[in-house]
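Numbers here are sequence positions counted from 1.
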Amino acid sequence: MSVEPGPDPASPVVFGQIAEPFLNGLVEVLQSFISSNSVSGTEHRTVFYLAKVPAISIEKYVIRLAKHFGCSKEDMIVAVILVDRLLYNQPTFRFTQHTFHRLFLTALLLSVKSRQDFFFNNLFYANVGGVRLKDMNIMEEHFLLALDFDTWVDEEAFAAFTSALGERFAIG
């Protein structure tokens, strides 16, 4: 009886189509967004706001979404761009511990839907993200309205954003 060799410990762990080093860099970017959006006082309550911060960490949530969405690195980066665009268009929105999970889930859903030929239905994404279908649909609608339905990211904007992130974080 032969034993199959295990994975090479030197090679990065891959979640879906995305290697762990990229996801670690992405988590750093998202945490820096959260830090720069944290303000004292009361937070504007939106459909993305959760009164209690979810128990799952940002890192584990991003890994969960990457693993189950089956998306690409580019889809993840576009999701970050969409969050950035939303925050720019809606200055009252905040990307905090209370809104991160729902905002990033919705941004990734929109990224995948706008970039991929084939994608799952909202029930699948809601289950992966740990939200009810009704909430997923409402969040998608609110996000789209806040962006005036502009989810397309052209190559120039993508390259500029990726370059800026790559200089600061391990992304690219």
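- Judged by distance alone, with hydrogens and angles left aside, the side-chain atoms of Ser111 form no donor-acceptor pair with the main-chain N or O of Ala107 at under 3.5 Å.
- Summarising the geometry, atom OG1 belonging to Thr162 is positioned 9.5 Å from atom NZ belonging to Lys73; distances are rounded to the nearest 0.5 Å.
- Under the 4.5 Å side-chain criterion, counting only non-hydrogen atoms from C-beta, Gln31 is not in contact with Glu59.
- Between Tyr125 atom OH and Glu140 atom CD the span is 10.5 Å, to the nearest 0.5 Å.
- A distance-only check finds no donor-acceptor pair linking the side chain of Thr106 to the backbone of Met139 [under 3.5 Å].
- Although no hydrogens or angles enter the test, the distance criterion places no donor-acceptor pair under 3.5 Å between the side chain of Arg85 and the main chain of Val153.
- No single ILVMFWY cluster, assembled from side-chain heavy atoms under 4.5 Å apart, contains both Val53 and Phe48.
- In terms of heavy-atom proximity, Gln97 sits nearest to Pro54 at O-CD, 4.0 Å.
- We find the CE-CD1 distance between Met76 and Ile81 to be 13.5 Å, quoted to the nearest 0.5 Å.
- Residues Leu105 and Met136 have side chains in contact (heavy-atom distance under 4.5 Å, counting atoms from C-beta outward).
- Under 3.5 Å, the side chains of Asn122 and Lys134 contain no donor-acceptor pair of N or O atoms.
- The shortest distance between side-chain heavy atoms of Asp75 and Gln116 falls below 4.5 Å.
- Using cut-offs of 30° and 60° for the angle between ring planes, the Phe124 and Phe69 rings count as tilted.
- When ring centroids are compared, Tyr61 and Phe104 stay outside the 6.0 Å threshold.
- Without hydrogens or angle criteria, Thr99 side chain to Thr96 main chain gives a donor-acceptor distance under 3.5 Å.
- Each of Tyr88 and Val29 belongs to its own hydrophobic cluster when Ile, Leu, Val, Met, Phe, Trp and Tyr are linked at side-chain heavy-atom distances under 4.5 angstrom.
- Rounding to the nearest 0.5 angstrom, the gap separating the OG1 atom in Thr151 from the CG atom in Leu86 is 12.5 Å.
- Of all heavy-atom pairs between Ile63 and Leu23, the closest is CG1-CD1, 4.0 Å.
- Remark: side-chain polar atoms of Asp154 are paired, donor with acceptor, to backbone N or O of Glu156 under 3.5 angstrom.
- Side-chain atoms of Arg102 never come within 3.5 Å of backbone atoms of Leu50 as a donor-acceptor pair (strictly under, hydrogens ignored).
- With contacts defined as side-chain heavy-atom distances shorter than 4.5 Å, the pair Ile34/Ile58 qualifies.
- Atom CD1 of Ile138 sits about 12.0 Å away from atom OG1 of Thr46, to the nearest 0.5 Å.
- Side-chain contact check for Leu109 versus Phe143: every heavy-atom pair is 4.5 Å or farther apart.
- Trp152 and Phe161 fall into different hydrophobic clusters, where Ile, Leu, Val, Met, Phe, Trp and Tyr are joined by side-chain heavy atoms under 4.5 Å apart, directly or via other members.
- Here the straight-line distance linking atom CG of Leu87 with atom CZ of Phe93 works out to 9.0 Å at 0.5 Å rounding.
- Using a 4.5 Å cut-off on side-chain heavy atoms (C-beta onward), Lys67 and Val128 make no contact.
- Between Leu110 and Ser114, every side-chain heavy-atom pair lies at or beyond the 4.5 Å cut-off.
- Heavy-atom minimum distance, Leu123 versus Leu133: N-CD1, 3.6 Å.
- Residues Phe120 and Val112 are not in side-chain contact: their nearest non-hydrogen atoms beyond the backbone lie 4.5 Å or more apart.
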